[in-house]
Amino acid sequence: MLDIKFIRENPDTVKNACRTKNFPDVVDDILSLDVRVRELKTITQTKTAEKNKISREIPTATDKAPLITKSKQISDEIAADLAELTDKEALLNDLLHRVPQIPDASAPVGADDSANIEIRRVGTPRNFDFTPRPQWELLEMNGWWMPEKIAGICGTRVYALAGELAELSLAIQTYVIQKLISKGFKYIECPSISKPQTIFNAGHFMGSDLSVMNNDVFMLTDTDRCLTGTAEIVLNSLHSDEILSENELPIKYAGFSPCFRKEAGAAGRDTRGIVRVHQFNKVEQYVFCKPEQSDEMHEHLLSNLCEVMEDLELPYRVIANSTGDMGFNKVKMNDVEAWFPSENAYRELGSCSSIGQFQARRTNTRYRENATGEVKFVATLNNTGIALPRALVPVIENHQNADGSVNIPKKLQPLMGGRTKIGGKH
RNA sequence: GGAGAUGUCGCAUAGUUGGUCUAGUGCGCCACAUUGGAAAUGUGGUAUACGGGCAACCGUAUCAAGGGUUCGAAUCCCUUCAUCUCCGCCA
């Protein structure tokens, strides 16, 4: 959420953000409610001050009765004003939760992903001297999965990895975690079960109504809890209600968690293979920093993911996502897309996002500035470290050989016991 | 899941027959004094949010959270949450 003061002082900027991000403009309603709420606060506080004064006089007064009567009368007046105040404040609060984060000036303006801009391309898609196989054929012929069996046992959009590819998956995960640790990230093994409020505090969804997110989030029946779609949810709340010292910042976490998503909006898409599944494993980069460090950290997180792409020897490109595509809570977003030979296209493997102080305001995560002693909200950022099994798809498709075997990227070989390839006939 | 105990200003604690608690004390932290410098010592200070004000400052709220009783609640009542101990179950 945004600072009400910011909205008061920059209504046009906020209105513009609502428009370019495709969210309803509630700014005028907020401003008029805000005026009334402040009026009521002033009135009730003045009356309460008077009541408190009388209460302090009562113990020593010789004639208590008239004071008590007066105090009761003021209490009744306060109650009436308070009823309206509570009401209006709740309304205001709800509207404030519907205001999207202001996008960065550098973000392309547009309604959806068609307005995204490619900002750089690294590596060249390989020219195969044979017909490359799509992921599902490689999985099938190497016995790396068992789609019908698992669909029968567990339902669709889930997967089981078997044998050497499952080993490679674990190796990649370990590799990325170790890389991030070496760059000063603290490794956190995160829970996947959380309270819905925690998801709400990550600011992925508009408004205060927790039921809004039910379309995307698995709720656990008979409990008040749900499954998280990313470790970001938990990492975001790790310092809620704390006042950090400036010296601690930036705090960098590498969170791992199984991730659960309904993928309700993607019915019929990516039904084959292991690109889009209800449950997957993800290493997430997450940073708490000073607002002025945000851009620097964004580049840091982005370069870490790019390095992973390069270590996996994948051709990839970096996208500047448009205002309409970046989502409710983001200032800036860069997708990193790897080349998928089977689709003859680049597809998202990770997404680097600057959130500004938007999440910190919801979690009440602040820091004290050394020079001034002022307490300010931190800025937060997140980026994928690696998402599995999706990342395996470009790895096996790009590095496949004619016999169906797959060459292991050099950096991964030590974690695969020195093997240089997996699969094929051997 | 069952039984019991606990939850106070960064930490540790006092306060639970309701009003002098706008929460005391110790530690920590900051400033100043003392010192050649430090330690020790002394003195003072030490939260957050919101509202009002140009400002100095004033007011309101916060003793886990929410609700209730009362003129008045850290203190009484209810609900929830968290922690600890024991039991059960278990990786």
Side-chain angles (χ1 to χ4, degrees), chain A residues 1-9 30-97 189-201 208 210 220-226 234 237-249 251 256-258 288 357-378:
Chain A
M1 63 193 285
L2 298 179
D3 187 357
I4 179 75
K5 285 177 199 151
F6 179 86
I7 300 175
R8 251 178 238 153
E9 287 159 17
I30 286 175
L31 293 178
S32 62
L33 267 175
D34 177 47
V35 169
R36 182 59 182 154
V37 163
R38 280 191 289 165
E39 257 171 29
L40 287 166
K41 273 190 179 166
T42 308
I43 293 169
T44 52
Q45 286 182 4
T46 309
K47 285 181 180 171
T48 305
E50 196 184 340
K51 192 183 81 167
N52 287 347
K53 186 164 162 274
I54 293 171
S55 286
R56 264 177 259 128
E57 288 168 2
I58 288 176
T60 52
T62 41
D63 189 4
K64 294 180 167 62
L67 290 175
I68 289 173
T69 310
K70 177 72 180 164
S71 180
K72 272 183 168 168
Q73 183 205 325
I74 297 173
S75 286
D76 290 343
E77 289 174 26
I78 294 171
D81 292 332
L82 222 47
E84 189 189 344
L85 177 60
T86 310
D87 214 49
K88 293 263 158 61
E89 244 186 335
L91 215 55
L92 175 61
N93 214 29
D94 178 64
L95 290 180
L96 283 173
H97 285 127
E189 197 171 287
C190 290
S192 299
I193 296 175
S194 88
K195 297 178 180 177
Q197 183 66 40
T198 309
I199 296 188
F200 170 74
N201 285 345
S208 311
L210 293 176
L220 294 172
T221 318
D222 299 332
T223 74
D224 58 351
R225 300 201 277 177
C226 54
V234 173
S237 286
L238 236 39
H239 296 287
S240 57
D241 296 317
E242 291 182 23
I243 299 176
L244 302 162
S245 98
E246 183 180 335
N247 305 334
E248 297 176 72
L249 301 176
I251 298 174
F256 167 80
S257 79
F288 297 90
Q357 297 171 308
F358 201 84
Q359 289 179 330
R361 241 179 225 106
R362 289 200 178 187
T363 57
N364 196 29
T365 306
R366 296 168 297 171
Y367 75 102
R368 194 184 305 278
E369 212 171 52
N370 285 337
T372 61
E374 271 183 76
V375 174
K376 295 179 170 175
F377 288 103
V378 300

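The shown structure was predicted, so the numbers you read here are calculated from the model rather than taken from an experiment. Numbered from 1 within each chain, the chains take letters A, B, ... in sequence-line order.
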Could you give the distance separating [M] and [N] at their [atom1] atoms, to the nearest angstrom?
N     : M     : atom1 : result
B:U13 : B:C84 : P     : 15 Å
B:A39 : B:U34 : C1'   : 12 Å
B:U85 : B:G26 : C1'   : 28 Å
B:G15 : B:A23 : C1'   : 8 Å
B:G10 : B:C63 : P     : 13 Å
B:U25 : B:A14 : C1'   : 7 Å
B:G18 : B:C76 : C1'   : 8 Å
B:C11 : B:U60 : C1'   : 28 Å

Options [options], nucleotide nearest the side-chain atoms of [X]:
X      : options             : result
A:K51  : B:G72, B:U48, B:G52 : B:G72
A:K5   : B:U48, B:A61, B:G51 : B:G51
A:S75  : B:C50, B:G72, B:G19 : B:G72
A:R366 : B:U48, B:C71, B:G51 : B:U48
A:A49  : B:G51, B:C71, B:U60 : B:U60
A:S71  : B:U60, B:G51, B:C71 : B:C71

Between [N] atom [atom2] and [X] atom [atom1], what is the distance in whole Å?
X      : N     : atom1 : atom2 : answer
A:Y367 : B:U48 : OH    : P     : 14 Å
A:E242 : B:U48 : CD    : P     : 15 Å
A:I54  : B:G19 : CD1   : P     : 20 Å
A:Q45  : B:G59 : CD    : P     : 12 Å
A:Q197 : B:C81 : CD    : P     : 15 Å
A:D34  : B:G51 : CG    : P     : 8 Å
A:R368 : B:C29 : CZ    : C1'   : 11 Å
A:K72  : B:U69 : NZ    : P     : 12 Å

Ion pair present between A:E57 and A:K53, side-chain N to carboxylate O less than 4.0 angstrom?
->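 A:K53 and A:E57: salt-bridged.
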
Salt-bridge present (A:D34, A:R38; N to O < 4.0 Å) =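 Looking at A:R38 together with A:D34, the answer is yes, because their closest N to O distance falls below 4.0 Å.
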
Suppose we define a pair by two distances each less than 3.5 Å, Watson-Crick or G-U wobble; what does [N] pair with here?
N     : answer
B:A14 : none
B:C54 : none
B:C9  : none
B:C32 : B:G42
B:G4  : B:C84
B:U79 : B:A65
B:A49 : B:U60

Nearest-nucleotide 5' precedence on RNA chain B, A:I58 against A:K64 |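 The residue closer to the strand's 5' end, by nearest nucleotide, is A:K64.
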
On RNA chain B, check which nucleotide each of A:I68 and A:D3 is closest to and give me the residue with the more 5' one.
->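 Looking at the nearest nucleotide for each, A:D3 comes out on the 5' side.
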
Would you please confirm or rule out a distance under 4.0 Å between OP1 or OP2 of [N] and any side-chain N or O of [X]?
X     : N     : answer
A:K41 : B:C50 : no
A:N52 : B:U60 : yes
A:R56 : B:C71 : no

Within the structure shown, what part of the strands sits under 4.0 Å from A:L67 by heavy-atom distance: base, sugar-phosphate, or nothing?
->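 No contact.
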
Classify the nucleic acid contact of A:S55 as base, sugar-phosphate or nothing, counting any heavy atom under 4.0 Å across all strands shown.
->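 Base, at least one base atom sits under 4.0 Å.
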
Donor-acceptor contact below 3.5 Å, side chain A:T86 vs main chain A:L82 =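 A pair under 3.5 Å: yes.
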
For the student: nearest non-hydrogen atoms of A:V37 and A:L85, plus distance =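 Taking A:V37 first and A:L85 second, the nearest heavy atoms are O-CD1, 3.7 Å.
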
Closest approach of A:K195 to A:C226 (non-hydrogen atoms, all atoms of both residues) |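 Smallest interatomic distance, heavy atoms only, reads C-SG, 4.1 Å.
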
Donor + acceptor pair across side chains of [X], [Y] (<3.5 Å):
X      : Y      : answer
A:Q197 : A:N201 : yes
A:N364 : A:R366 : yes
A:E369 : A:T372 : yes

